[in-house]
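Residue numbering restarts at 1 for every chain, and letters A, B, ... go by the order of the sequence lines.
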There are 2 protein chains.
Amino acid sequence: MTAFSPNLMARPDCAACPIRHRAVCARCEADELAQLEKIKIYRSWKAGETILFDGDPMDFVGSVVTGCAMLTRRLEDGRSQMVGLLMPSDFLGRPGRSTAPYEVSAATDLTLCMFRRAPFEKLLVEVPHIRDRLLEMSLDELDAAREWMVLLGRKTAREKVATLLLLVLRRSSLPISGVARADLPITREAMASYLGLTIETVSRQMSRLRADGVITLEGLRKVSAPDLEALALAAGEDSDGATIA
Amino acid sequence: MTAFSPNLMARPDCAACPIRHRAVCARCEADELAQLEKIKIYRSWKAGETILFDGDPMDFVGSVVTGCAMLTRRLEDGRSQMVGLLMPSDFLGRPGRSTAPYEVSAATDLTLCMFRRAPFEKLLVEVPHIRDRLLEMSLDELDAAREWMVLLGRKTAREKVATLLLLVLRRSSLPISGVARADLPITREAMASYLGLTIETVSRQMSRLRADGVITLEGLRKVSAPDLEALALAAGEDSDGATIA
DNA sequence: TATAAATCTTGACCTGTATCAAGGCCGGCT
DNA sequence: AGCCGGCCTTGATACAGGTCAAGATTTATA
């Protein structure tokens with residue numbers, strides 16, 4: 001995964017985020033860039049590290065530059081459910097909230113571009129387009145969350161795994177259809193956490209998809225799909241190819 | 001359920017929405033009210049009616065005044081998952097989008113306060129506080145959706161049913177703890193759709209909760225819980241009593 | 001009020017996924 | 001290189017929730 005401009009500065013042609021950024025106001029883009037530049041801080045974590053625990057103070061917002069971050073909610077008895085998988089250009093945090101409502105951790109080696117909340121919120125007041133894009137992004141996230149609810153509530157284990165692979169392949173590789181290859185950014189455990197399954201079930205379904213010729217694995221982390229349409233079919237997806245962001 | 005001001009006009013003391021509206025700008029509230037007043041339309045549906053099918057053009061936004069609306073996504077083979085349950089004061093629709101990404105239907109007799117999209121979006125540009133509240137609301141919705149993902153992915157059938165009852169009881173009745181009573185606004189089928197279960201499983205778990213003394217049923221639609229704490233326990237909820245909006 | 005049509009409940013049985021357990025693969029460390 | 005420890009895969013078994021089916025209760029209609 002290569003480095004991208006963080007979300008709020010992304011241009012419409014940003015390869016990492018084909019869905020999220022529709023247009024950028026030509027008039028004020030330069031200003032935004034300059035102002036954001038002044039208050040940003042980069043920070044990195046190693047794969048597996050926890051960035052914030054549920055309830056921790058969270059005095060920043062930011063976006064993923066490289067790598068992959070996870071948002072996880074835990075029930076008291078230890079059961080846990082991932083509720084967000086943040087890829088490059090995805091936004092993290094919420095203006096107006098100072099406490100993390102879930103655990104944030106690094107799925108892979110991770111770099112975040114962070115803005116302290118106070119100056120960011122000030123900027124939010126001054127530059128209306130940042131707020132507009134934040135609204136756009138939140139609504140996209142909401143759509144994605146709802147799409148994921150369908151997966152969690154109604155899809156079979158096989159469909160769940162296929163859907164996640166499809167998501168990763170669609171985000172990582174350029175072609176709309178045909179052969180697609182990608183590095184799986186997450187462990188089997190993280191996949192299970194995201195899909196509402198156990199590790200064993202994920203593993204079994206990966207094996208089945210491989211046996212059925214829907215996917216190919218090289219090592220544990222490299223997946224490819226000779227035919228994305230076939231994978232989409234296994235994912236039980238609407239034929240219109242609705243995208244899950 | 002009594003009538004409330006629709007969401008965007010809600011005051012901080014609005015009984016229906018204790019969570020969503022933190023503050024209203026005193027300076028511009030009057031103006032907003034006047035401007036919104038000019039472009040709003042009320043419309044009602046009977047319980048069970050479909051308001052919009054997935055993919056229908058949606059040239060309005062609005063909020064629930066009375067009753068209860070459902071957002072449902074369907075897979076091609078007929079499986080369906082409810083992805084939103086809108087109660088009085090909840091917002092429906094998305095500025096900038098003209099097509100419904102899910103089916104919208106009336107769970108009970110329903111009245112919406114609607115604004116045609118074009119003038120609403122114009123207002124959005126002119127009155128910044130409306131946009132701010134829309135962002136707040138979207139972020140709250142996102143939190144709620146994520147909380148629901150935990151339910152769908154990790155909770156048992158009993159916990160799921162208890163969580164939904166708790167949600168309804170918390171929204172309908174005033175006391176923080178102690179006895180709570182409410183009308184279930186939705187059928188068993190809708191409950192099943194929301195919880196990612198079958199009707200039969202919902203029914204069985206309702207019976208079990210009743211047998212265990214956690215809830216009481218009068219007729220099919222009136223529930224009460226002698227002890228909300230006990231219900232929260234059955235819901236597998238964090239002890240801090242985190243609210244699902 | 002009687003009857004019909006929904007909606008809900010309960011039971012018997014089955015299946016998909018979780019659980020428990022053993023072994024294999026791979027990367028890191030000495 | 002060889003060993004160790006963390007992932008991952010595979011198998012055997014158990015159980016929660018789904019499916020199918022019958023009946024009960026409620027609501028709508030005549």
Side-chain angles (χ1 to χ4, degrees), chain A residues 46-49 75 77-81 105 107-109 151-165 183-212 215-223 234 236, chain B residues 46-49 75 77-81 105 107-109 151-165 183-212 215-223 234 236:
Chain A
K46 286 262 151 220
E49 284 183 311
L75 295 175
D77 60 5
R79 282 175 289 176
S80 74
Q81 173 67 46
S105 58
T108 61
D109 291 353
L151 175 142
L152 291 171
R154 297 298 173 189
K155 287 193 175 179
T156 64
R158 181 187 169 94
E159 289 170 333
K160 285 179 175 182
V161 171
T163 303
L164 179 54
L165 294 178
D183 267 14
L184 264 182
I186 55 177
T187 64
R188 297 290 187 273
E189 187 180 6
M191 292 179 69
S193 170
Y194 203 9
L195 298 172
L197 297 171
T198 58
I199 297 179
E200 294 94 325
T201 299
V202 170
S203 186
R204 274 186 254 272
Q205 297 303 331
M206 294 279 287
S207 299
R208 261 193 70 199
L209 288 169
R210 184 161 46 76
D212 294 350
I215 59 168
T216 318
L217 294 170
E218 300 156 54
L220 289 171
R221 291 300 189 84
K222 285 186 196 307
V223 219
Chain B
K46 287 261 150 220
E49 284 184 313
L75 294 175
D77 59 7
R79 282 175 288 176
S80 74
Q81 173 68 46
S105 57
T108 61
D109 290 354
L151 175 142
L152 290 171
R154 297 298 173 188
K155 286 193 175 179
T156 63
R158 181 188 169 94
E159 289 169 332
K160 286 179 175 183
V161 171
T163 304
L164 180 53
L165 295 178
D183 266 14
L184 264 181
I186 56 177
T187 64
R188 297 289 188 272
E189 186 180 6
M191 291 179 69
S193 170
Y194 203 9
L195 298 172
L197 297 172
T198 58
I199 296 179
E200 294 94 326
T201 300
V202 170
S203 187
R204 273 186 255 272
Q205 296 304 330
M206 294 280 286
S207 299
R208 260 193 72 200
L209 287 169
R210 184 162 46 76
D212 295 350
I215 60 168
T216 317
L217 294 170
E218 301 157 54
L220 289 171
R221 290 301 188 82
K222 285 185 196 305
V223 220

Which parts of nucleotides 9-16 of chain D does protein reach within less than 4.0 Å, heavy atoms only, written one letter per nucleotide 5' to 3' as B for base, S for sugar-phosphate only and - for none?
BBBB----

Rounded to the nearest 0.5 Å, what's the gap from CG on A:D183 to CD on A:E218? Could you check?
9.5 Å

Taking only residues two or more places apart in sequence or in another chain, which ones pass side chain to side chain contact (heavy atoms under 4.5 Å, CB included) with A:A190?
A:M70, A:M82, A:I186, A:T187

Mind checking side chain to side chain contact (heavy atoms under 4.5 Å, CB included) for B:S207 and listing every partner two or more places apart, or none if nothing turns up?
B:R210

Determine whether B:M191 and B:T201 make a side-chain contact, defined as any pair of heavy atoms from C-beta on separated by less than 4.5 Å.
no

Taken to the nearest whole Å, CD/A:Q205 to P/D:dC8 is 16 Å

Rounded to whole Å, please give me the gap between CD in B:E189 and P in C:dT9.
13 Å

Starting at atom CE of A:M191, determine the distance to atom P of D:dC7, rounded to an integer number of angstrom.
16 Å

The helix from C:dT1-D:dA30 to C:dT30-D:dA1: angle between terminal helix axes, five bp per end, to the nearest 10 degrees, reads 40°

Rounded off to whole Å, could you give me the NZ-to-P distance for the A:K155 and D:dG17 pair?
22 Å

Which residue in the set A:L184, A:T216, A:L209 passes side-chain contact (heavy atoms from CB on, under 4.5 Å) when paired with A:V223?
A:L184

On DNA chain D, compare the nucleotides closest to B:R158 and A:T187; which residue's is nearer the 5' end?
A:T187

First locate atom CZ of B:R188, then atom OG1 of B:T198, and finally report the distance between them rounded to the nearest 0.5 Å.
13.0 Å

A:I186 CD1 to D:dC8 C1': how many Å, rounded?
14 Å

Checking all strands, does A:G196 fall into the base, sugar-phosphate, or nothing category for heavy-atom contacts under 4.0 angstrom?
sugar-phosphate

Among all residues two or more places apart in sequence or in another chain, which pass the salt bridge (Lys or Arg N to Asp or Glu O under 4.0 Å) test with A:R79?
A:D77, B:E159

Distance-only, no hydrogens or angles: does the B:R154 side chain make a donor-acceptor pair with backbone N or O of A:L197 under 3.5 Å?
yes

What's the CZ-C1' distance between B:R154 and C:dT19, to the nearest Å?
14 Å

Atom CZ of B:R208 to atom C1' of C:dG11: distance rounded to whole Å?
16 Å

Once you round it to whole Å, what is the distance between C1' of C:dG27 and CZ of A:R221?
12 Å

Check salt bridge (Lys or Arg N to Asp or Glu O under 4.0 Å) between A:E200 and all other residues, then give those that pass, not counting sequence neighbours.
none

